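The shown structure was predicted, so the numbers you read here are calculated from the model rather than taken from an experiment. Proteins come first, then strands; the chains are lettered A, B, ... in the order of their sequence lines, and each starts at number 1.
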Protein chains: 2
Amino acid sequence: MSKNQNVSDYKSTKQRNKIIQVLQDAKRPLTAEEIYLLVKDELPSVVISTIYRNMEALKNIIVKTVYNDGKARYALTKEKHTHNLICLKCTKIIAIEKCPLEALEKNLSEQNSFEILEHKLEIYGHCKDCR
Amino acid sequence: MSKNQNVSDYKSTKQRNKIIQVLQDAKRPLTAEEIYLLVKDELPSVVISTIYRNMEALKNIIVKTVYNDGKARYALTKEKHTHNLICLKCTKIIAIEKCPLEALEKNLSEQNSFEILEHKLEIYGHCKDCR
DNA sequence: GATGCAATTGCAACCCGTTTGCATCTAATT
DNA sequence: AATTAGATGCAAACGGGTTGCAATTGCATC
Ligand SMILES: [Mn+2]
Ligand SMILES: [Mn+2]
Ligand SMILES: [Zn+2]
Ligand SMILES: [Zn+2]
């Protein structure tokens with residue numbers, strides 16, 4: 001713990017700042033590998049464990065979702081959260097702008113005495129081109 | 001391919017039959033490890049790769065979902081599909097009986113020209129005991 | 001019931017996304 | 001400039017899942 005009034009002991013490093021920037025610029029949740037490659041463009045010496053450790057360090061502002069391919073995706077919490085239609089044939093991903101659950105969470109929460117903090121929703125099927 | 005009229009070349013083995021029975025008796029989606037241990041009670045020589053290979057062989061009647069803990073859960077498709085409220089503190093799992101998406105899938109499908117085959121929904125938060 | 005053969009299994013090695021120990025570096029405070 | 005706790009790079013380890021291979025078994029055919 002620090003002796004002063006700082007809320008956190010987190011330091012501002014070039015790796016961490018670039019990671020946040022990459023996530024801000026992202027149009028969809030990114031894998032650790034994707035973040036790693038984008039950060040590496042600017043900071044060639046970065047390693048992937050730095051990405052993972054920052055996902056943990058920044059977990060208060062990041063939402064993590066493990067897809068069915070076994071890889072986690074990371075996105076900034078403040079970014080408008082979207083869900084995806086994922087094509088099982090061509091793996092194309094179509095973002096859904098409006099979260100279909102928003103309207104339902106209140107009821108769900110009350111009926112089950114459960115404080116809902118986050119949720120994970122992906123929809124799988126065949127896209128227009130693959131039917 | 002077989003020469004006769006069989007729809008599939010799948011054999012009925014004691015391992016496979018027991019795996020299906022375990023899934024039928026399950027009250028919630030099970031991990032490969034959980035299935036393995038339950039099958040092992042009756043067939044001590046079974047190995048976990050047999051479980052995984054059967055999850056693949058039986059994929060037409062099984063739905064697989066990878067949770068945020070990185071482990072996949074397996075359930076029979078024909079079983080009433082449920083979703084879970086998962087407590088982030090005590091990992092308790094509360095099943096939701098009615099799928100909140102059913103009502104929305106039709107619209108979603110039409111608006112995006114996407115044939116929806118399955119979906120994955122988990123909700124994370126704090127349960128009554130952990131708030 | 002014996003034969004033939006492809007599907008299945010057990011076993012061990014492997015894969016790959018993620019985590020961790022440790023020495024070094026660096027941001028931030030004094 | 002000195003101090004020091006947090007952050008990084010690197011390499012090794014972890015763990016859920018996969019795979020090559022030889023032996024076994026279900027099942028169709030005789
Ligand atoms: Mn949502
Ligand atoms: Mn559903
Ligand atoms: Zn497609
Ligand atoms: Zn709880």
J.: Determine the sole option in A:Lys27, A:Lys71, A:Arg28, A:Arg73 for which the salt bridge (Lys or Arg N to Asp or Glu O under 4.0 Å) test with A:Glu34 is passed.
T.: A:Arg28

J.: Grab the CG-C1' distance between A:Leu43 and D:dG9 for me, whole Å please.
T.: 13 Å

J.: Write down the distance between NZ (A:Lys14) and P (C:dC25), rounded to a whole number of angstrom.
T.: 12 Å

J.: With both distances kept under 3.5 Å, what pairs with D:dC30, Watson-Crick or G-U wobble?
T.: C:dG1

J.: Check whether any side-chain N or O of A:Ser45 sits under 4.0 Å from OP1 or OP2 of D:dG9, and answer yes or no.
T.: yes

J.: Do A:His119 and A:His83 have ring centres separated by under 6.0 Å?
T.: yes

J.: When you measure from the side chain of A:Ser12, which nucleotide among C:dT8, D:dG9, C:dA28 comes out closest?
T.: C:dA28

J.: Please determine whether any donor N or O and acceptor N or O are separated by less than 3.5 Å between the side chain of A:Arg53 and the base of C:dG21.
T.: yes

J.: Closer to the 5' end of DNA chain D via nearest nucleotide, is it A:Val46 or B:Glu33?
T.: A:Val46

J.: Looking only at the side chain of A:Lys71 (C-beta and beyond, no hydrogens), which of the listed nucleotides C:dG17, D:dT8, C:dA27 gets closest?
T.: C:dG17

J.: Kindly say if A:Thr13 contacts the phosphate of C:dT26, meaning a side-chain N or O under 4.0 Å from OP1 or OP2.
T.: no

J.: Does a nitrogen or oxygen in the side chain of B:Thr31 sit under 4.0 Å from OP1 or OP2 of D:dG16?
T.: no

J.: Tell me whether the side-chain N/O atoms of A:Gln15 come closer than 4.0 Å to OP1 or OP2 in C:dT26.
T.: no

J.: Would you kindly give the OH-to-P distance between B:Tyr52 and D:dG17, to the nearest whole Å?
T.: 3 Å

